[in-house]
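Note sheet for the following structure.
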Protein chains: 2
Amino acid sequence: MYIYKVIKPTRKQEIIQVAATLFKEKGYSAVSMRDIAQAMHIKAASLYNHISGKQEILSTLILEVAEAFTTEMSAITAETLPTLKKIERVIEIHIDITVNYSENIATLNNDWMHLEGDDLKQVVKMREAYEENFRRIIKQGLSQGEIKPQHPEVILFSILSTLRNLYLWNEKRGKMDVNVLKKDMVAVLIKGII
Amino acid sequence: MYIYKVIKPTRKQEIIQVAATLFKEKGYSAVSMRDIAQAMHIKAASLYNHISGKQEILSTLILEVAEAFTTEMSAITAETLPTLKKIERVIEIHIDITVNYSENIATLNNDWMHLEGDDLKQVVKMREAYEENFRRIIKQGLSQGEIKPQHPEVILFSILSTLRNLYLWNEKRGKMDVNVLKKDMVAVLIKGII
DNA sequence: CTACAAAACTAACGATTGTTAGTTAAAGTT
DNA sequence: AACTTTAACTAACAATCGTTAGTTTTGTAG
């Protein structure tokens, strides 16, 4: 189906990957440049041959995954599908992105406020746009009677909370097949537990 | 129903409250003792007349709310109720505690790993016990047929994710009555959206 | 008014922070 | 072999960190 080409990551990408793992464990502010360097078995000053600073690591990590969400959500919005199918799609893309960007999502969720300048503005804007798209889907479902009459913000909040925290579950999920997880998650979030 | 007595908080409690607000905004590691002091219009060194250090603020904040959860969950476990009623109770106590301890929960969720020594061990233990209690309730519901056959970990994870993130929603909720929120949240989490 | 406790202050400490400058060693290219 | 690029290094910087010591101010009870 797909052809994969294994590309050796640049040194910069390696640094960002290592930093992401540390950020996920202890948070951006608690990880020093020396911590990142030590994890790569080099000195802190050497990092600056590849990156402009700590802030670049943060913004790269966050913008990468934020753009992934924005792209996928736009695609869903553009499609003509029943509301429930759209919500299913939202759940599925969250799971897909979480599997591939677990550390990025941890940093997006927990450390977005440490972004500076335009990066901060952009990420806040993307998040608001994302939520607004999701909100519209839910409201459409309500007005068309596909969704039981309930406070749309409660629905939005509860689904989004679960999806945004999937990254915390990536180890335990480990043995669970992604497609099974998607099916189960769709069932629980949409049809409830009784 | 209740008799409230307004007690003037000690200076120590004021410090912890102010620190909690800052921790919620930027996280424990990104808040300095000088930040906390400035928010109280005093100098950092003055804080040490009332507290032993930054770590004491963290552990006080976290242990306070962790014990609240443990106490309430034990009460639910001890009761003899149908599974669904128990899950309803879990949702309700989460909302109640979130309303009263919003900042503490933010710190518990995001900065527990910065606890040290026995405090860290104790909090991890309490969280595991809490999850295990919830898991048992769900499994009982499954075995008695009160809950649709589904992966118990998926149910546990999705409900708990939503409840643990309620603190993020405390402003928007603002105008929403607590009892209405409880009813809506129970409905969405248990009966789903269709 | 005095005495005492509470709570603020100034000044400084050693450690750690992100980052810069300048240099050196290895790897790849001509 | 000479040259260039890549990626490491040492040393150090100014700023900030949590915290301590010692002193002064403020508020309250006798």
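Numbers restart at 1 for each chain; the letters A, B, ... are given by sequence-line order, proteins then strands.
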Quiz prompt | B/Glu171/B/Lys24 ion pair, N-O < 4.0 Å | solution = yes
Self-check item: N/O donor-acceptor pair under 3.5 Å between A/Glu146 side chain and B/Ile194 backbone
Solution: no
Self-check item: Rounded distance (Å) that lies between atom C1' of D/dT20 and atom CD of B/Glu56
Solution: 16 Å
Quiz item: What does nucleotides 8-19 of chain D look like as a protein-contact string, B for base, S for sugar-phosphate only, - for none, at under 4.0 angstrom between heavy atoms?
Solution: BBBBB----BBB
Quiz item: Can we call the ring centroids of B/Phe134 and B/His94 under 6.0 Å apart?
Solution: no
Exercise. Please examine the side chains of B/Leu181 and B/Asp177, heavy atoms only from C-beta on, and report whether any two atoms are closer than 4.5 Å.
Key: no
Quiz item: Through what angle, rounded to 10 degrees, does the axis of the helix from C/dC1-D/dG30 to C/dT30-D/dA1 turn between its ends, using five pairs per end?
Solution: 10°
Self-check item: Between C/dT19 (P) and A/Leu58 (CG): distance, integer Å
Solution: 12 Å
Quiz item: So, are B/Glu132 and B/Lys139 salt-bridged, with charged N and O less than 4.0 Å apart?
Solution: no
Practice problem: In plain terms, say whether B/Glu153 and B/Arg135 are close enough for a salt bridge, that is, a side-chain N and a carboxylate O under 4.0 Å apart. | Solution: yes
Quiz prompt | Atom pair CD1/CE of A/Ile155 and B/Met185 - distance to nearest 0.5 Å | solution = 10.5 Å
Practice problem: Could you tell me whether the side chain of B/Glu14 reaches within less than 4.5 Å of the side chain of B/Met40, counting heavy atoms only? | Solution: yes
